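What follows is one structure encoded as structure tokens, with my remarks underneath.
Computed from a prediction, not measured in an experiment: that's the story for all the values here.
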Amino acid sequence: MKASIERKLAEVRDRHEELAALMADPEIAADTTRFTRLSREFAEIEPVVRIFGRWEATQRQLEEARALATEDDAELRELAQDDARASGAEAARLEQELEQLLMPRDPEDRAAAFLEIRAGTGGDEAALFAGDLLRMYSRYAEARGWSLEILSERPGEVGGYREVICRIDGTDGVYGRLKFESGVHRVQRVPDTESSGRIHTSACTVAVLPEPEETAAVELAREDLRIDTFRASGAGGQHVNKTDSAIRITHLPTGLVVECQDERSQHKNRARALALLAARLTDQARRSADAARAETRRNLVGSGDRSERIRTYNFPQGRVTDHRIDLTLYSLDAILEGGLDPVIDPLVREHQADLLAALGA
């Protein structure tokens, strides 16, 4: 292992010990915001410290085995050489794992996420497919112990959604898992309304935005906002449908409009709508910066280009294809039931490979 990396790991271990001491301080424990931030940092570096300790122990075993390999006793020397080979292989494996853990991480990976699904080409069939996608992500969130709440919805005429916006929260990095889902999702199947059995192609756009922390969110000036209230539609009980609890916020400089009608409380809907607006504006600024750097950066996975067709769901063949990494899986039913890990994991690995290549360069 390079001396610079070993020094960095020693610094991480020192920080781990410092965080443990800080979190044991009653004054800090009483500050929920600070304690939560420190707990997240502690949880992030704990695997690095644990594996670094195993690497150091393996290195000591390797040095001891090498020393014994010079003994005159032939049998002892052979055993020591076997131990040295095994310890060397384990040390190399741990070193590779540490290298991956030390890769630059997007600080937003651990954030909650806004999920936006919109029907595209395909009319009613696209709206039905949007409903299928929402169900897929809902099942995935449920399997991972995340919470999903619908903030705004526009149902399709024959079912599904023309547009649906959700907020997903959890403890194990919601945005980090879902950020590769942004893009155009295409479906190929025979619609229920098709009497001739002809396969139709429809599409939906998916956008996944990180919920910005208060310190990272863009400033929203009051004079830049027009806030309207209106009566919520759809399910929700008599109270929801009889009061003007739904909120529509227009950001006047950009023309962006967000709505939230999920909560019975107008104040809660207002807070959710402001958070969504901040997320969209932050994403807009990030995408502008990314576009300026696009010619000098190769980052095919997770580009979030919503005009890019990223995935095809082919019902006749029971096939799902992710076009960014040429991944094809014949497990359509399982994926639509929320089994997304076989799709997301390869995307994460490809993204990590790009980061490692950049670090090597």
Side-chain angles (χ1 to χ4, degrees), residues 1-25 27-29 31 33-70 80-111 144 170-180 210 213 215-216 293 297-299 301-302 341 344-361:
M1 182 184 295
K2 293 181 180 179
S4 58
I5 295 179
E6 197 167 349
R7 284 196 299 271
K8 173 66 176 175
L9 289 166
E11 292 172 4
V12 172
R13 181 165 55 195
D14 291 342
R15 177 59 176 167
H16 185 263
E17 294 173 357
E18 180 185 7
L19 288 170
L22 288 171
M23 291 164 60
D25 186 331
E27 185 176 338
I28 291 177
D31 185 341
T33 301
R34 188 179 181 191
F35 185 82
T36 300
R37 179 171 54 81
L38 294 176
S39 298
R40 283 178 175 174
E41 185 182 354
F42 185 88
E44 285 176 359
I45 67 176
E46 195 276 333
V48 180
V49 174
R50 185 180 67 252
I51 295 172
F52 182 43
R54 287 168 55 191
W55 179 84
E56 288 183 318
T58 304
Q59 283 293 111
R60 289 192 294 269
Q61 293 171 6
L62 178 59
E63 291 170 6
E64 292 171 1
R66 284 173 175 171
L68 289 173
T70 61
Q81 289 171 348
D82 289 342
D83 288 344
R85 280 192 291 270
S87 296
E90 177 65 5
R93 187 189 68 79
L94 292 172
E95 187 172 333
Q96 187 177 30
E97 195 169 344
L98 284 168
E99 192 177 49
Q100 289 187 341
L101 289 171
L102 286 176
M103 283 190 303
R105 297 199 174 205
D106 186 344
E108 293 175 330
D109 278 356
R110 64 174 180 262
R144 295 190 72 91
T171 58
D172 58 345
V174 174
Y175 180 68
R177 293 296 292 177
L178 294 181
K179 65 182 180 181
F180 304 110
E213 295 183 1
T215 55
R293 295 193 298 266
R297 180 179 76 171
R298 189 186 82 85
N299 190 359
V301 178
D341 282 336
I344 292 177
D345 286 341
L347 291 165
V348 172
R349 287 194 294 269
E350 184 76 8
H351 182 58
Q352 289 176 340
D354 282 349
L355 290 176
L356 281 173
L359 281 176

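Counting heavy atoms from C-beta outward, S39 and M23 have side chains that approach closer than 4.5 Å. Within the 4.5 Å cutoff, no side-chain heavy atoms of Q59 are placed close to those of E64. Between R110 and Y175, every side-chain heavy-atom pair lies at or beyond the 4.5 Å cut-off. Residues R93 and W55 have side chains not in contact (no heavy-atom distance under 4.5 Å, counting atoms from C-beta outward). Under the 4.5 Å side-chain criterion, counting only non-hydrogen atoms from C-beta, L22 is in contact with E18. The shortest distance between side-chain heavy atoms of D341 and R144 falls below 4.5 Å. R54 places a side-chain heavy atom less than 4.5 Å from the side chain of E90. Contact annotation: the side chain of V348 approaches that of F180 to within less than 4.5 Å [non-hydrogen atoms, C-beta and beyond].
Few gaps surround CD on E17; more than 12 heavy atoms of other groups in view lie less than 6.0 Å from it. Residue E46 places its CD atom among more than 12 non-hydrogen atoms of other residues, nucleotides or ligands, all under 6.0 Å distant.
Note that the CG atom of L19 and the CD atom of E44 stand 10.0 Å from one another [nearest 0.5 Å]. With values rounded to the nearest 0.5 angstrom, L101 atom CG is found 11.0 Å from Q96 atom CD. The distance from the CD atom of E56 to the CG atom of L9 is 8.5 Å, given to the nearest 0.5 Å.
Taking every heavy atom of both residues into account, L38 and I28 meet most closely at CD1-CG2, 3.7 Å. The nearest pair of heavy atoms linking F42 to A20 is CE1-CB, 3.9 Å. A29 and F35 make their closest contact through CA-CD1, 3.7 Å (heavy atoms, listed as atom of the first residue, atom of the second, distance). Minimum interatomic distance between A43 and P47 (heavy atoms only, all atoms of both residues): O-CD, 3.2 Å.
Every residue two or more places apart in sequence or in another chain was checked for a salt bridge (Lys or Arg N to Asp or Glu O under 4.0 Å) with R349, and none qualifies. Residues satisfying the salt bridge (Lys or Arg N to Asp or Glu O under 4.0 Å) criterion with D31, sequence neighbours excluded, are absent altogether. Residues that satisfy the salt bridge (Lys or Arg N to Asp or Glu O under 4.0 Å) test with E41, not counting sequence neighbours, are R15.
Under the 3.5 Å distance criterion, the side-chain polar atoms of S87 are left unmatched by any main-chain donor or acceptor of A84.
Salt bridge annotation for R66-E63: absent, with no cationic side-chain nitrogen under 4.0 angstrom from a carboxylate oxygen. Ion pair D109/R177 not flagged as a salt bridge, since none of the NZ, NE, NH1 or NH2 atoms sits closer than 4.0 Å to an Asp/Glu carboxylate oxygen.
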